[in-house]
Amino acid sequence: MCKPTRNETKKQVQKSEVVKDSLLKPERKKVQHSIQRSEWVDYAAFCAPVLFCGLTNVLPVFITGFARIFSTHAFLMLHYLFVDKDNYNNKLSQRQLSREKKDYLVGTILHMWAQVGLQIIFPGMFFNPNDQIATCGWNTFLSHIAIVEPLYYAAHVWLHKPEIMKHMHSFHHLSVNTLPSTSLVQDFEEHFIYIAVFGPAFLVPFF
C-alpha cells in the first residue's frame, strides 16, 4: 500500500478541519433582503395601477414605467457592447446576474405605485397647463440640487452604519463587479427610503 504524499496529507488535514469547524459552529441563517415571489407577482404589480383609472389618469404612470424599463435595457445593452463585454463574460457570477435580473425593476414598479398615490392626492403636481411646464421643470431641478442631493448624501451615510448596513444596505453591496443595473438593486425596504429622499424634488415646487 502506497503512503500518501505530503500534499495529500495536507489536503486531508485541511478537509478534516473544515468538517470540524462546520460541526462546532452553528449554521447561520442567511439574511434574505429580497421578497421571495413568482414572476407573475411582478407582472401583476406592474399592471395593477390600471385599477385606479377611475380616480386618475394612469397613462403617465405607464409611460414613465415603460420609459424607465426601455432606457435601462438600452443602457445595459450599450454597456455590454461597448464598455465592459469582457467583464460580463469572465468575471460576473451567475448568482449576481440572477439576483440583479430578479430585482432591478422592483424600484420602477414601486415608483409607479408612488406616482399613482401622488396623482390622486396632488393632481396639480402632474397635470398643469403647457405654459407652466418649463417653470415646473426648473423649480424641480433647483429643489433637487438644494434639497435632494444633501438628503441623499445623509441617507447614504446612514445606510453605511454597521447595523443598517447589515440589516439593509448589504444586499446592494453583494454585487462586487458592478453593472449599470447594480444601482437599481436594493433591499426592498431601502426602496422606500429612496422614494422619501427623492420625493421633495416634486413636492417642494408644488407647495
Side-chain angles (χ1 to χ4, degrees), residues 32-78 99-156 158-159 168-169 171-172 179-207:
Q32 183 63 52
H33 296 271
S34 177
I35 294 179
Q36 294 295 320
R37 64 200 185 278
S38 301
E39 288 187 6
W40 70 266
V41 175
D42 288 345
Y43 291 121
F46 180 85
C47 297
V50 76
L51 299 175
F52 296 89
C53 61
L55 299 175
T56 185
N57 181 8
V58 296
L59 182 60
V61 176
F62 285 101
I63 290 176
T64 304
F66 277 114
R68 291 186 64 178
I69 292 173
F70 175 80
S71 62
T72 300
H73 280 269
F75 202 91
L76 282 170
M77 177 187 69
L78 294 174
R99 183 179 65 255
E100 295 199 7
K101 180 181 179 181
K102 183 177 180 181
D103 287 314
Y104 78 104
L105 290 179
V106 172
T108 297
I109 296 173
L110 291 176
H111 292 173
M112 290 173 65
W113 278 90
Q115 183 175 338
V116 169
L118 289 173
Q119 283 187 189
I120 295 174
I121 300 172
F122 305 114
M125 289 176 57
F126 300 91
F127 307 106
N128 287 313
N130 291 336
D131 58 351
Q132 296 182 13
I133 293 179
T135 302
C136 292
W138 177 247
N139 290 337
T140 301
F141 175 73
L142 292 178
S143 65
H144 180 89
I145 294 176
I147 300 174
V148 172
E149 287 298 328
L151 277 178
Y152 177 80
Y153 176 80
H156 206 168
W158 177 74
L159 287 169
M168 188 183 303
H169 196 52
F171 182 72
H172 170 70
L179 300 169
S181 58
T182 303
S183 62
L184 305 175
V185 179
Q186 312 288 349
D187 175 273
F188 185 76
E189 297 177 8
E190 191 174 340
H191 283 293
F192 294 94
I193 295 176
Y194 289 122
I195 290 175
V197 166
F198 286 95
F202 302 95
L203 289 171
V204 171
F206 177 75
F207 291 104

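Residue indices begin at 1 and follow the sequence shown.
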#### Entry: R99 CZ to K101 NZ distance, which is reported to the nearest 0.5 Å
14.5 Å
### Task
Mind listing the closest non-hydrogen atom pair of I193 and A155 along with its distance?
CG2-CB, 4.4 Å
### Task
Would you indicate whether the side-chain heavy atoms of Q186 and M168 approach each other to under 4.5 Å?
no
## Note on the structure
Heavy atoms of A114 and I195 approach each other most closely as CB-CG2, 4.3 Å
### Message
My understanding is that only residues two or more places apart in sequence, or in another chain, count here; which of them pass side-chain hydrogen bond (donor to acceptor under 3.5 Å, both in side chains) with T182?
### Response
E100
#### Entry: Non-hydrogen side-chain atoms of L151 and P200 separated by less than 4.5 Å
yes
### Query
Among all residues two or more places apart in sequence or in another chain, which pass the side-chain contact (heavy atoms from CB on, under 4.5 Å) test with R68?
T64, T108, H111
## Note on the structure
Rounding to 0.5 Å, atoms CZ (F75) and OG (S183) come to a distance of 8.5 Å
### Query
Under 4.5 Å between any side-chain heavy atoms of F188 and D103, yes or no?
no
## Note on the structure
Looking only at heavy atoms, the pair that brings L76 and S181 closest together is CD2-N, 3.8 Å
### Message
Over 60° means perpendicular and under 30° means parallel, so tell me whether Y152 and F198 are parallel, tilted or perpendicular.
### Response
tilted
### Message
Would you say the rings of W113 and F52 are close, in the sense that their centroids are separated by under 6.0 Å?
### Response
yes
Tell me which donor-acceptor pairs under 3.5 Å the side chains of residues 115-125 have, and how far apart each pair is, sequence neighbours excluded?
from : atom 1 : to   : atom 2 : distance (Å)
Q115 : NE2    : Q119 : OE1    : 3.1
Q119 : NE2    : T56  : OG1    : 2.9
Q119 : NE2    : N57  : O      : 2.9

### Task
List in chain and number order the residues that pass side-chain hydrogen bond (donor to acceptor under 3.5 Å, both in side chains) with H144, two or more places apart in sequence or in another chain; answer none if no residue qualifies.
E149
### Query
Under the salt bridge (charged side-chain N to carboxylate O under 4.0 Å, His left out) rule, what pairs show up with a residue in residues 109-133, not counting sequence neighbours?
none
### Nearest-0.5 Å distance that lies between atom CZ in F62 and atom SG in C53
9.0 Å
### Task
Any chance you could measure T72, atom OG1, to M77, atom CE, to the nearest 0.5 Å?
12.5 Å
#### Entry: F127 atom CZ, neighbour heavy-atom count above 12 within 6.0 Å
yes
#### Entry: Any D187 side-chain heavy atom under 4.5 Å of H169 side chain
no
Pairs under 3.5 angstrom only: tabulate donor-acceptor contacts from the side chains of residues 39-48 to other protein residues two or more places apart or in another chain.
from : atom 1 : to  : atom 2 : distance (Å)
D42  : OD1    : R37 : NE     : 2.7
D42  : OD2    : R37 : NE     : 3.3
D42  : OD2    : R37 : NH2    : 3.4

